[in-house]
**Q** 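Encoded as structure tokens, here's the structure I'll be asking about.
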Amino acid sequence: MFNRLILLLAGSVRIKVEGLNLDRLLTALLNGGFVLYGLKRPSYQVLTFSVSYRRKKRVCAFLQKQSYKFSVTDEKGLPAGLKKLSLRIGLIAGFILCVSGAAAYSGRVWDIRVEGLERIKASEVTAILTEMGYRGGMRKKDVDRGEVALALNIGLADAADVTAEMRGTCLIIRINETTEKDGGTTAAPHDITASYDAVVTRVLALDGTALVKPGDIVRKGAVLIAGYNLDKEGNRTEVAAKGEVRGKVFFSAENVFFTEREEYVRTGSFIENRGFKICGMSLKIKNTECPYALYDSETVTGVIFKSFLPLYNTAERFYELEAKTVHYDYEAVKDALISRLRQEAEAKVPKGAYIAGVKTDVRQIDKYIVTMYNIETEMLL
């Protein structure tokens, strides 16, 4: 045991040699003053042995000089453990830095791209966005795409329609300009469509044909104001639809709470295997197989001393499980549950939307309770 501990401290390397005349090689190694451990001869042309970690380079150089085919199959002990630990610390630190950087980068707008400009100057768009406080590096959650589109529609005289879209870390603004036709200025024909599922509350069609009225239920993508006008004979004239449609939009969060369910619980019976851990290697004192058909396990580690050579004691426990029906009290968690649902629902509400009301709906169905938190907003569709 003492010799094994010394070997762990000094470190050891397991080497596999392949070739002919291995007896002659073994004699040469011993005559060369090399101390070999755990000699094994799996076959006539294969020899395996261990040497101390500090003699690894000398042994490998000797074998290479003798033109033998060899490979290092394992490294153990404190030096190898410290080497692996240093690599892992670097990897972990690098991973944490990469994840943190990616999270910070992806949560902001780093590029604002404007498409469709011909007569409108980019400086005009930039001036309006700057006045609104929109710039590269701002947080995504502070970007109101509807507000951007409306401000540019109003502020740019030659803009027939403006839409804003978030793609990754880029805010893309698409501007459909008016076009010159027959000596006058007309806009390229297009419709106004719904951005949300909603109940229509107000319709103002300045140009085009309104296809909805207050009280109508519309789905996202439905045409609200069509890009055409009808004369008395029913003939269509294509136009750029202008106006606004407002409606009630509902944002909700839902949870299903089980009042009872079958779970596996511990009976109180368990067995325990004890051991030690040093330099990443486990030394088990007791190793008993788990006798239970259903079980879960946990490993508890305690520090014996923590210095140049950390030493820990370990206990691996196997707990017997049995199936049992467990009852849960909904009232005990109701307030905390509703608070969490409220936060989830509020996170879905676009910035600037008017909150008209909130409602909590609780329904029990058999052995579970459905809780829904609804936020009613009124906004531009």
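Just the heavy atoms: all of them, side chains too, but no hydrogens, waters or symmetry mates, feed the values below.
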**Q** Minimum heavy-atom separation for Lys213 and Val203, please, with both atom names.
**A** CA-CG2, 4.1 Å
**Q** Compare every heavy atom of Glu244 with every heavy atom of Ile225, then report the nearest pair and how far apart it is.
**A** CD1-N, 4.2 Å
**Q** Checking Glu254 against Tyr373: is there a side-chain donor and acceptor pair closer than 3.5 Å?
**A** no
**Q** Can we say Lys324 and Glu263 salt-bridge, meaning some charged N sits less than 4.0 Å from an Asp/Glu carboxylate O?
**A** no
**Q** Could you tell me whether the side chains of Thr169 and Arg108 share a donor-acceptor contact shorter than 3.5 Å?
**A** no
**Q** Applying side chain to side chain donor-acceptor pair (under 3.5 Å), name anything that partners Tyr368, two or more places apart in sequence or on another chain.
**A**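 Testing Tyr368 for side chain to side chain donor-acceptor pair (under 3.5 Å), a comparison that skips the adjacent residues, returns none.
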**Q** May I ask you to test the Glu376-Val358 pair for a side-chain heavy-atom distance under 4.5 Å?
**A** no
**Q** For atom CZ of Arg135, decide whether the heavy atoms of other residues, nucleotides or ligands shown that lie under 6.0 angstrom number more than 12.
**A** no
**Q** Quick one: do Arg266 and Asp296 make a salt bridge, cutoff under 4.0 Å?
**A**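 Yes, charged N to carboxylate O under 4.0 Å.
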**Q** Assess, by modelled atom type and distance only, whether the side chains of Asp361 and Asn374 contain a donor and an acceptor separated by less than 3.5 Å.
**A** no
**Q** Quick check against the 3.5 Å criterion: does Tyr68 have a side-chain atom that pairs as donor or acceptor with the backbone of Leu20?
**A** yes
**Q** Taking atom types as modelled, find out whether Glu320 and Thr267 have a side-chain donor-acceptor pair closer than 3.5 angstrom.
**A** yes
**Q** For the residue pair Phe257 and Tyr330, categorise the inter-ring angle as parallel (less than 30°), tilted (30 to 60°) or perpendicular (more than 60°).
**A** perpendicular
**Q** Hey, which of Arg246, Lys248, Glu378 is the one that makes side chain to side chain donor-acceptor pair (under 3.5 Å) with Thr201?
**A** Glu378
**Q** Would you say that Val249 contacts Asp197 through its side chain, given a criterion of any heavy-atom pair below 4.5 Å between the two side chains?
**A** no
**Q** Is Glu298 atom CD crowded by more than 12 heavy atoms from other residues, nucleotides or ligands, each under 6.0 Å away?
**A**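 Counting neighbours around CD of Glu298, more than 12 heavy atoms of other residues, nucleotides or ligands fall under 6.0 Å, so yes.
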**Q** Taking only Lys NZ, Arg NE, NH1 and NH2, and the carboxylate oxygens of Asp or Glu, determine whether Glu346 and Arg342 approach each other closer than 4.0 Å.
**A**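 Salt bridge flag = yes for Arg342 with Glu346.
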**Q** For a 4.5 angstrom cut-off between non-hydrogen side-chain atoms, does Leu63 reach Ile15?
**A** yes
**Q** Are the charged groups of Glu272 and Arg274 less than 4.0 angstrom apart, N to O?
**A** yes
**Q** Would you mind telling me which of Arg14, Lys16, Lys40 makes a side chain to side chain donor-acceptor pair (under 3.5 Å) with Thr48?
**A**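 In the set Arg14, Lys16, Lys40, the residue that makes a side chain to side chain donor-acceptor pair (under 3.5 Å) with Thr48 is Arg14.
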**Q** Please indicate whether Ile217 has more than 12 foreign heavy atoms, meaning atoms of other residues, nucleotides or ligands, lying under 6.0 Å from its CD1.
**A** no
**Q** Answer whether the closest heavy-atom distance between the side chains of Val200 and Val218 falls below 4.5 Å.
**A** yes
**Q** Under 6.0 Å between ring centres, would you say that holds for Tyr319 and Tyr295?
**A**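 No; Tyr295 has its ring centre 6.0 Å or more from that of Tyr319.
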